[in-house]
J.: 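Before anything else, here's the structure in question.
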Amino acid sequence: MTTTGAHQDAAGPTARGYWWWERRRSVVLDVGLAGVSALECGLEGVRFADTAVLPVPVGVVFGLLAGSALLLRRRWPASVVLVSIAVTPAEMGFLMAVVGLYTLAASEIPRRVIASLAGMQLAGTLIVTFVRTRQSVSEGDFDAARWYVPLIAIMMSVGLTAPPVLFGLYVGARRRLMESLRERADSLEQELSLLADRAEQRAEWARTEERTRIAREMHDVVAHRVSLMVVHAAALQAVALKDPPKAVKNAALVGDMGRQALTELREMLGVLRAGEQVAARKASDTGPALTVPLAAVGLAAAAAAAAAAEDGPGMGDIEALVGQSRETGMVVELTVHGESRPYAPEVEQTAYRVVQEALTNVLKHAAGAKVVVRLAHREAEVAMQVENGPSDSGAHDAGLPSGGNGLLGMRERVTALGGVFVSGETDAGGFRVSAVLPYRSAA
């Protein structure tokens, strides 16, 4: 029991325990030890009264009071040791000395204080034992050697002092170690709780990113292809009776675009399903505690894989994309500056999606306007620009639905790779979309 416990009201029991005791059995133990010590000192007080020429009741009362000091060993262990040192010349309080030294050594009192009090107890016991042994030898019938009295005194003093001190130091060190381990366990539990919270936050972030990416991919794939299909369907309806060969050509184009859209959707969903299967397999191997975070990380990995799929569209497909737009009747001019070279897959796909979405917006909101697509290959970056003039019928709209997420999706794609995105109206009344992507992704 250490001396650093909470100070409690001495008037009676508190919420933690009784006075300075935390448990009832500690009260019983200390009261029992104090009773035995008081009885011992009371009996030894009779001999002390005879030796000191005092009334026997005085010696008994003195012994009872001195022995009862052991009741305070958990609160003031140093005081108990001082009392035992004080009564050592009266040859009483041996139990109090042993228990007091043990409690003192096991407490949180500084080591120098423990060493000082233990040394005082050792010196007092040594002196008293030496004197009493020498008197007994002088009064006896045998002739003892010179070494006999010092040896007995040293053995008695060390035997009464060293074992309780060493055992108390061991118990105190073990108690401190256990408290340190408990504190470390509590700290680890708190850290694990924080890690679990962070994992849940990352899982939520991964789910949000995955939803955003899926929405962006769906928008890019569906909006462009379906917009072209709607335009071709309208043209097919207009020329079905007047020009059957052209109607057949437009119908074939609608079918080709529908198949292309379905192919891209299947590729994207296939990558997502593969990512979910990998996440589920990792979660089952790791355990239920990490199922949600691993699943979310798997989805995020699937998102990255889908975004960087090498078989997805790239800058090499921009010319075909422009050709598809021309087939709808749009006037599109493509200019390329610099020498083309391979880029990171995510850079290639983002460049393609920016041009694709810009052409889709022209088809939706500026049908009939002339469009210029510029692609520039530079030393450490690639730049693209899609600019359209005003439509032939002013602010003509093709009547296609728009969710208003096209420009936002382009900006998210470009900035995620460390690029720069700018869009806005031109002085001539048209619209311009510009993007610059680094040679290597900064994501």
Side-chain angles (χ1 to χ4, degrees), residues 1-38 40 67-85 93-122 124-125 157-200 286-290 293:
M1 177 70 181
T2 64
T3 61
T4 58
H7 294 280
Q8 301 176 3
D9 186 5
T14 65
R16 287 190 63 186
Y18 296 83
W19 294 340
W20 52 84
W21 292 285
E22 295 182 356
R23 293 174 294 182
R24 182 172 298 180
R25 66 179 184 179
S26 300
V27 180
V28 175
L29 176 61
D30 286 359
V31 171
L33 288 175
V36 174
S37 177
E40 175 204 350
S68 300
L70 193 57
L71 190 67
L72 309 176
R73 72 181 187 94
R74 295 179 188 265
R75 186 68 177 273
W76 296 294
S79 301
V80 175
V81 175
L82 289 174
V83 172
S84 67
I85 294 172
F94 293 102
L95 176 62
M96 180 171 54
V98 172
V99 177
L101 286 174
Y102 159 77
T103 307
L104 178 70
S107 67
E108 299 295 333
I109 293 178
R111 294 293 178 84
R112 60 179 182 273
V113 177
I114 297 174
S116 300
L117 293 177
M120 295 171 60
Q121 182 69 57
L122 176 66
T125 306
S157 58
V158 172
L160 292 174
T161 305
V165 171
L166 295 177
F167 186 61
L169 291 175
Y170 165 75
V171 171
R174 183 174 178 274
R175 182 184 296 123
R176 286 188 289 272
L177 175 62
M178 295 301 294
E179 291 176 354
S180 175
L181 292 177
R182 278 194 295 268
E183 292 176 357
R184 186 174 300 179
D186 294 340
S187 177
L188 288 176
E189 186 176 356
Q190 293 177 358
E191 291 180 5
L192 288 175
S193 178
L194 291 176
L195 288 176
D197 293 341
R198 291 180 181 178
E200 183 61 30
T286 306
L290 298 179

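Bear in mind that the values here come from a model prediction, so they are computed numbers and not experimental data.
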J.: Looking at every heavy atom in both M96 and A69, which two are closest together, and how far apart are they?
T.: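 For M96 versus A69, the nearest heavy atoms are SD-CB, 4.2 Å.
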
J.: I'd like to know if the side chain of S37 and the backbone of L33 have a donor-acceptor N/O pair within less than 3.5 Å.
T.: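 Pair absent, no side-chain N/O of S37 close to backbone of L33.
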
J.: Distance check, rounded to the nearest 0.5 Å: R182 atom CZ versus L177 atom CG?
T.: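 One gets 9.5 Å once the value is rounded to the nearest 0.5 Å.
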
J.: Does atom CZ of R176 have more than 12 heavy-atom neighbours, drawn from other residues, nucleotides or ligands, at distances under 6.0 Å?
T.: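 Atom CZ in R176 is packed in, count exceeds 12.
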
J.: Which value, rounded to the nearest 0.5 Å, describes the distance between I109 atom CD1 and W76 atom CH2?
T.: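 One gets 12.5 Å once the value is rounded to the nearest 0.5 Å.
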
J.: For L82 and L117, which heavy atoms make the closest approach, and how far apart are they?
T.: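 In terms of heavy atoms, the two residues are closest at CD2-CD2, 3.6 Å.
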
J.: Closest heavy-atom contact between L101 and V165?
T.: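 For L101 versus V165, the nearest heavy atoms are CB-CG2, 4.1 Å.
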
J.: Decide side-chain contact (heavy atoms from CB on, under 4.5 Å) for T103 and V80; before the verdict, give the C-alpha distance in whole Å, the side-chain angles of both, and the deciding distance to 0.1 Å.
T.: CA-CA 9 Å; T103 307; V80 175; over 6 Å; no

J.: Does some side-chain heavy atom of R111 sit less than 4.5 Å from a side-chain heavy atom of L169?
T.: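 With C-beta onward as the side chain, the pair touches.
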
J.: Between R73 and L70, is the side-chain contact (heavy atoms from CB on, under 4.5 Å) condition met? List the steps.
T.: CA-CA 5 Å; R73 72 181 187 94; L70 193 57; 4.2 Å; yes

J.: Distance-only, no hydrogens or angles: does the S187 side chain make a donor-acceptor pair with backbone N or O of E183 under 3.5 Å?
T.: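 Between the backbone of E183 and the side chain of S187 there is no qualifying donor-acceptor contact (under 3.5 Å).
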
J.: Once rounded to the nearest 0.5 Å, what's the spacing between atom CD of E191 and atom CZ of R198?
T.: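 Between atom CD of E191 and atom CZ of R198 there are 9.5 Å.
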
J.: Take a 6.0 Å sphere around CZ of F167 and say whether it holds more than 12 heavy atoms from other residues, nucleotides or ligands.
T.: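 Not more than 12 within 6.0 Å, no.
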
J.: Calculate, to the nearest 0.5 Å, the distance between atoms OH and CG belonging to Y102 and L166 respectively.
T.: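 Interatomic distance, Y102 OH to L166 CG, rounded to 0.5 Å: 13.0 Å.
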
J.: If every non-hydrogen atom of S157 is compared with every non-hydrogen atom of T161, which pair is closest and at what distance?
T.: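 Smallest interatomic distance, heavy atoms only, reads O-OG1, 2.8 Å.
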
